[in-house]
Amino acid sequence: MENVGNVRVRYAPSPTGPQHLGGIRTALFNYLFAKKNGGTFVFRSEDTDQSRFVPGAEDYITDSLRWAGITVDEGLNVGGPYGPYRQSERKELYREYAMQLITSGHAYYAFDTSEDLEAMRTRMTAQGNPSPAYDHITRQYMQNSLALPKDEVEKRLAAGDPYVIRIMMPRNEEVKFNDIVRGWVVFNTNQLDDKVLFKSDGMPTYHLANVVDDHLMHITHVIRGEEWLPSAPTHVMLYRAFGWEDTMPQFAHLPLVLKPEGNGKLSKRDGDRLGFPIYTLDWENPLTGEKISGLAERGFLPEAYTNFLALLGWHPGGDTEVMDPDALLEAFSLERVGKSGARFDPEKAKWINQQHLKMKSDKELAALLEPVLTRMGITSDAEYVERVCGLMKERAVFVPDLYEQGKYFFSDTFDYDSKTIAKKWKKDRANLFENLTERINLLQVCKSAELEQLVHAFMEEHELKMGDVMPMLRIALTGTLQGPPVYDVMEVLGKEKSVTRLQNGWKVFNQMI
RNA sequence: GGCCCGUUCGUCUAACGGUUAGGACGUAAGAUUUUCAUUCUUGAAAUAGGGGUUCGAUUCCCCUACGGGCUACCA
């Protein structure tokens with residue numbers, strides 16, 4: 001590819017709140033495409049709607065990207081040659097470009113109030129037009145610089161009447177572009193309306209701002225969600241109007257991320273409904289106090305996150321789906337992005353996290369578990385935590401499971417599985433178990449293999465079956481029937497603690513039945 | 001309603017005109033395991049429907065159905 005090194009893509013969210021995983025997926029695809037082509041990943045804040053601005057949202061998105069390992073090369077908080085990267089700070093720029101379009105006859109002033117627009121819509125609806133639009137026909141009857149006498153327009157402008165600037169969509173022109181994931185997409189300008197480019201509050205709309213900025217920032221590929229497809233022709237027309245068509249970026253409209261069940265694209269509320277976070281990090285809306293929970297805090301691994309995010313709408317083609325970030329980068333290509341919406345599957349996401357968890361070393365897991373333990377008020381020897389992780393990792397899906405499913409490694413008090421005790425504990429065998437416990441206590445090396453040997457010999461000697469002994473040992477040691485091999489548990493617990501728990505267990509068991 | 005996009009197992013998907021339509025998640029059965037989990041084996045499970053084009057369509061074209069997106073001085 002001759003383009004290598006010149007690729008520039010951008011992730012340009014609107015800071016109206018936290019971005020759920022669909023947004024991060026868009027960022028990821030941009031990032032992977034940039035890295036893959038030796039290009040630059042730009043991060044820009046599209047905060048042109050001040051009424052929807054939510055404080056903290058920009059930082060939240062920045063933190064989400066950082067946590068997911070998506071590094072920004074240029075943009076907000078990073079800087080770069082084409083800043084500022086916050087659109088509100090580029091405000092004056094857009095006015096100039098809007099004026100340029102007015103001068104060249106590609107745009108016009110419109111003075112219609114929201115009441116005027118409302119009236120127009122109800123009138124047209126009443127006339128049987130189901131989708132009223134401010135288009136090449138409607139504009140003839142509205143309060144704009146095309147329909148009004150010239151002196152009236154100048155008077156209104158001079159008087160400081162509020163106005164917007166609209167694109168003048170030409171009649172009956174074909175607009176087509178070659179979308180990287182969808183192929184040729186064709187529209188006719190007759191179906192396009194005269195979108196507002198510049199608002200009466202002095203801010204540009206998305207349409208103007210994204211085109212101007214993408215041009216000025218030398219963006220080569222616009223990779224965004226499919227919800228933008230219908231406005232893409234307007235953007236193409238804008239490039240044409242500015243005379244930038246020859247350097248217009250290539251478009252790639254990504255399939256949408258859909259709800260796990262039912263229909264529609266994934267939305268804000270789905271997370272709580274599913275009991276599975278769809279946001280990256282915990283967040284509390286400073287305006288409303290509303291809280292959402294994040295995958296990171298839930299114990300999701302960043303590399304698992306990007307792995308399954310990548311699989312939402314993209315597929316490597318082969319049989320390998322579990323990939324670390326390097327493998328993901330190696331395998332990624334826009335050509336392999338599918339066209340149809342991808343349903344978010346929490347079950348598969350869990351499985352992928354489990355796979356990544358299993359690939360980690362005991363030491364890495366211990367480090368990840370540390371904050372969880374600290375939060376629980378537990379301080380434990382690092383090496384001990386490592387050994388616990390080694391035993392628990394086959395059973396864990398999320399990091400906290402390492403602790404949740406093995407609490408007995410960190411506390412001497414726990415509930416006993418009374419149902420099994422009632423069923424299996426024989427009072428007349430109590431002294432046998434006490435005897436076994438003593439033998440264990442006499443052991444010089446309290447290792448898994450030695451313990452196994454000892455217990456087996458004991459069982460043979462007293463004609464006891466595995467089922468008679470093992471569950472009892474397990475419950476006395478951990479309280480539950482589930483868990484790692486008993487001998488391993490004892491080895492990690494250590495002889496002293498194991499013996500104490502066993503002795504205590506027999507006592508309690510006798511009282512329980 | 002209009003415009004646009006889409007449609008392979010329940011879900012994510014592979015198969016760039018010729019395959020017994022493959023894999024993964026989930027699911028069912030079994031093996032291993034003192035238990036749980038892991039692991040392994042096996043099974044069930046799909047080309048939306050109808051027309052074309054072609055020697056041959058999952059694949060190309062058209063229609064229908066269904067799904068989705070957009071339809072703001074929001075992005």
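Each chain gets a letter, A, B and so on, in the order its sequence line appears, and its residues count up from 1.
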Atom-to-atom span, [atom1] of [X] to [atom2] of [N] - whole angstrom:
X	N	atom1	atom2	answer
Asp49(A)	C73(B)	CG	C1'	9 Å
Lys424(A)	U34(B)	NZ	P	13 Å
Glu335(A)	C16(B)	CD	P	15 Å
Lys195(A)	C70(B)	NZ	P	12 Å
Asp488(A)	U38(B)	CG	C1'	14 Å
Tyr206(A)	A75(B)	OH	C1'	7 Å
Leu258(A)	U13(B)	CG	C1'	15 Å
Leu229(A)	C5(B)	CG	C1'	6 Å

Base, sugar-phosphate or nothing for [X]? Non-hydrogen atoms, less than 4.0 Å.
X	answer
Arg52(A)	base
Ser200(A)	base
Lys465(A)	nothing
Phe187(A)	sugar-phosphate
Val164(A)	base
Pro233(A)	nothing
Met470(A)	base
Leu481(A)	base
Arg336(A)	sugar-phosphate
Pro162(A)	nothing
Gly467(A)	nothing
Gly225(A)	nothing
Asp193(A)	nothing

Less than 4.5 Å apart, any side-chain heavy atom of Glu227(A) and any of Lys265(A)?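 Yes, at least one pair of side-chain atoms sits under 4.5 Å.
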Every protein N/O within reach of nucleotides 24-27 of chain B N/O, cut-off under 3.5 Å:
| from | atom 1 | to | atom 2 | distance (Å) |
| --- | --- | --- | --- | --- |
| A24(B) | O2' | Glu321(A) | OE1 | 2.8 |
| A24(B) | O2' | Lys348(A) | NZ | 3.1 |
| A24(B) | N3 | Lys348(A) | NZ | 3.4 |
| C25(B) | O2' | Lys348(A) | N | 3.4 |

Hey, which of these two, Pro130(A) or Trp228(A), hits RNA chain B nearer its 5' end, going by closest nucleotide?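 Its nearest nucleotide being more 5', the pick is Pro130(A).
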Both Ser14(A) and Arg182(A) contact RNA chain B. Taking the nearest nucleotide for each, which residue is further toward the 5' end? Arg182(A)
For Glu174(A), does its backbone N or O pair with a side-chain atom of Asn188(A) as donor and acceptor, under 3.5 Å? no
Taking the [atom1] atom in each of [N] and [M], what is the distance between them to the nearest angstrom?
N	M	atom1	value
C36(B)	G30(B)	P	13 Å
G52(B)	A57(B)	P	11 Å
C9(B)	A21(B)	P	16 Å
U13(B)	A46(B)	C1'	12 Å
G26(B)	G18(B)	C1'	33 Å
A15(B)	G23(B)	C1'	11 Å
C25(B)	U42(B)	P	14 Å
A24(B)	A44(B)	P	15 Å

Check: C36(B) base within 3.5 Å donor-acceptor of Arg395(A) side chain: yes
Does the pair [X]/[Y] count as a salt bridge with the N-to-O cut at 4.0 Å?
X	Y	result
Arg395(A)	Glu404(A)	no
Glu96(A)	Arg90(A)	no
Arg387(A)	Asp362(A)	no

Would one find a side-chain N or O of Lys393(A) under 4.0 angstrom from OP1 or OP2 of A37(B)?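 Negative; the distance criterion is not met.
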Strictly below 4.0 Å: does Thr48(A) bring a side-chain N or O up to OP1 or OP2 of A75(B)? yes
Measure from the side-chain heavy atoms of Lys358(A) and tell me the nearest of G6(B), U35(B), U38(B).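 Given the options G6(B), U35(B), U38(B), the side chain of Lys358(A) is closest to U38(B).
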Considering residues at least two apart in sequence or located in another chain, which fulfil the ring pair (Phe, Tyr, Trp, His ring centres under 6.0 Å) criterion with Phe187(A)?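 Result, ring pair (Phe, Tyr, Trp, His ring centres under 6.0 Å) vs Phe187(A): none returned.
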